[in-house]
Amino acid sequence: MRIATFNCNSIRTRVDRVVALLERHEIDVLALQETKCKDDQFPLLPFEAAGYEVAHVGHSQWNGVALVSRVGIEDVEVGFPGQPGWGDPAQAEARAIGASCGGVRLWSLYVPNGRSLGDPHLAYKLDWLAALREAGTAWLTEDPQAQIALMGDWNIAPRDEDVWSVAFYEGRTHTSPGERAAFQGVVDAGYADLARPYTEGPGVYTYWDYTQLAFPKRRGMRIDFVLGSPTLRTRAEGAFVDRDERKGKGASDHAPVVVEVADAG
DNA sequence: ATGGTCGATATTCGA
């Protein structure tokens with residue numbers, strides 16, 4: 001089974017590219033982030049015509065996550081247990097959706113950006129990741145053999161080699177110790193990066209800013225990850241970042257991460 | 001072989 005994650009930065013703008021991505025790489029399940037639309041605005045037909053089912057949650061022009069599957073999509077869950085909200089009163093944003101596809105429990109996650117050090121959004125980001133860690137711990141306590149994939153835009157570069165310049169990110173979000181600790185918390189709960197062993201850096205990125213010629217200058221960040229539970233990790237047998245998808249007019253500012261998972265034994 | 005931001009209930013704000 002081939003699974004992938006992609007921050008598409010508006011599904012309505014890029015639906016043709018996304019369907020082409022599915023077909024080009026024979027992807028079975030794709031986690032999308034930043035669909036930037038409400039449920040009734042999601043362009044379902046092109047996916048159905050290509051043989052895929054879709055589970056999506058979107059409340060507005062912001063955020064929005066989906067799972068796209070050609071191996072079934074069952075027990076859809078909007079938001080994870082304990083997911084913090086934003087605003088007054090706090091309401092859950094469209095940042096997490098889970099479903100069971102082909103025997104794997106998959107989550108499409110769009111971790112809050114954080115904006116800047118000291119911004120309330122950064123505290124929200126850290127709370128959100130702490131709650132995800134708690135949920136992830138509970139899932140594995142309930143069933144240590146569970147096949148779980150946590151896929152998405154984590155808005156964190158866990159290692160120095162995951163950014164084009166450590167100095168550039170000094171004093172900004174994405175590399176701060178607190179954010180890295182929050183990411184590591186999810187790893188410590190039992191979820192391993194399935195792609196990194198097959199996509200070693202430095203210089204392997206999944207996001208490049210639209211401005212300042214960041215992509216041709218290779219100024220990027222690795223912030224999109226597929227984390228797998230212990231049993232899923234044993235099935236991972238390859239991965240790649242589809243850097244070509246970032247090229248050309250009409251590209252998202254992210255590239256997809258694709259992971260090959262062996263058949264359950 | 002890629003290119004001087006982009007997207008949205010837009011005309012500013014979030015990324």
Side-chain angles (χ1 to χ4, degrees), chain A residues 5-18 20-21 24 31-43 46 56-66 84-88 90-96 108-126 128-129 152-157 162-165 168-169 171-176 179 182-183 199 201-225 240-257:
Chain A
T5 187
F6 182 40
N7 181 323
C8 62
N9 186 20
S10 171
I11 191 59
R12 286 177 289 176
T13 294
R14 259 176 280 285
V15 58
D16 292 344
R17 286 185 78 125
V18 172
L21 169 74
R24 180 166 75 252
L32 289 170
Q33 300 85 37
E34 283 208 88
T35 57
K36 289 187 170 174
C37 67
K38 301 177 187 180
D39 291 342
D40 61 8
Q41 297 172 313
F42 192 99
H56 174 259
V57 59
H59 302 315
S60 68
Q61 72 270 46
W62 307 121
N63 312 310
V65 287
W86 178 257
D88 187 17
Q91 289 187 295
E93 296 183 302
R95 294 181 178 276
S108 179
L109 304 168
Y110 180 43
V111 176
N113 177 283
R115 300 195 179 183
S116 61
L117 301 183
D119 191 298
H121 287 85
L122 180 59
Y124 172 47
K125 178 180 194 174
L126 299 178
W128 204 94
L129 286 161
D153 176 358
W154 295 74
N155 271 315
I156 295 171
D162 296 335
V163 294
W164 66 275
S165 163
F168 179 83
Y169 288 99
R172 302 172 189 253
T173 58
H174 291 65
T175 61
S176 70
E179 290 167 273
F183 181 87
T199 58
V204 175
Y205 307 130
T206 65
Y207 163 84
W208 299 258
D209 197 288
Y210 279 128
T211 67
Q212 319 257 181
L213 291 171
F215 182 62
K217 290 181 177 175
R218 299 182 177 269
R219 295 179 172 179
M221 279 197 282
R222 190 204 288 250
I223 57 175
D224 298 271
F225 299 98
F240 61 92
V241 176
D242 183 9
R243 191 178 181 280
D244 287 347
E245 179 55 37
R246 181 61 178 79
K247 297 178 180 177
K249 194 171 173 63
S252 168
D253 44 2
H254 292 249
V257 179

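Only heavy atoms go into these numbers, but all of them, side chains included; no hydrogens, no water, no symmetry mates. Within every chain, numbering begins at 1; the chains are lettered A, B, ... in the order of the sequence lines, protein sequences first and strands thereafter. Everything quoted here is computed from the prediction, not taken from an experiment.
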How many Å lie between [atom1] on [X] and [atom2] on [N], as a whole number?
X      : N      : atom1 : atom2 : result
A:Q61  : B:dA15 : CD    : C1'   : 13 Å
A:R243 : B:dT2  : CZ    : P     : 11 Å
A:H174 : B:dA15 : NE2   : C1'   : 8 Å
A:Q212 : B:dG3  : CD    : P     : 16 Å
A:W154 : B:dA15 : CH2   : P     : 18 Å
A:R12  : B:dC6  : CZ    : C1'   : 14 Å
A:Y207 : B:dG14 : OH    : P     : 15 Å
A:R246 : B:dT5  : CZ    : C1'   : 9 Å

Practice problem: Return the 5'-most residue of the pair A:N9, A:G114 with respect to DNA chain B, ranking by each residue's nearest nucleotide. | Solution: A:N9

Self-check item: Pairwise 5' ranking along DNA chain B for A:D209 and A:D253, keeping only the more 5' one
Solution: A:D209

For the side chain of [X], starting at C-beta, report the closest nucleotide among [options].
X     : options               : result
A:W62 : B:dT5, B:dG14, B:dA15 : B:dG14
A:K38 : B:dA15, B:dT5, B:dT9  : B:dT9
A:K36 : B:dT5, B:dA8, B:dG3   : B:dA8

Practice problem: Mind checking the CG-CG spacing from A:N155 to A:D224? Nearest 0.5 Å is all I need. | Solution: 8.0 Å

Quiz prompt | Value rounded to 0.5 Å, distance of CG in A:D209 from CE in A:M221 | solution = 8.0 Å

Report yes if a side-chain nitrogen or oxygen of [X] is closer than 4.0 Å to either non-bridging phosphate oxygen (OP1 or OP2) of [N]; otherwise report no.
X      : N      : answer
A:R218 : B:dA1  : no
A:R115 : B:dA15 : yes
A:K247 : B:dA1  : yes
A:T13  : B:dA8  : yes
A:R14  : B:dG7  : yes
A:S10  : B:dC6  : no

For nucleotides [N] and [M], find the distance between their [atom1] atoms and express it as a whole number of Å.
N      : M     : atom1 : answer
B:dA8  : B:dG4 : C1'   : 23 Å
B:dT5  : B:dT9 : C1'   : 22 Å
B:dT11 : B:dC6 : C1'   : 14 Å

Exercise. Just say parallel, tilted or perpendicular for the rings of A:H56 and A:F42, cut-offs at 30° and 60°.
Key: tilted

Quiz item: What orientation do A:W164 and A:Y169 show, parallel under 30°, tilted 30 to 60°, or perpendicular over 60°?
Solution: perpendicular

Quiz item: Looking at A:V257, A:D153, A:L21, which hits side-chain contact (heavy atoms from CB on, under 4.5 Å) with A:F6?
Solution: A:L21

Practice problem: Test A:F215 against every option in A:Y207, A:Y210, A:W208, A:Y205 by the ring-ring contact (aromatic ring centres under 6.0 Å, His included) rule and name the one that passes. | Solution: A:W208

Exercise. Identify whether any heavy atom of A:Y110 sits under 4.0 Å from a base atom; if not, whether one sits that close to sugar-phosphate; answer base, sugar-phosphate or nothing.
Key: sugar-phosphate

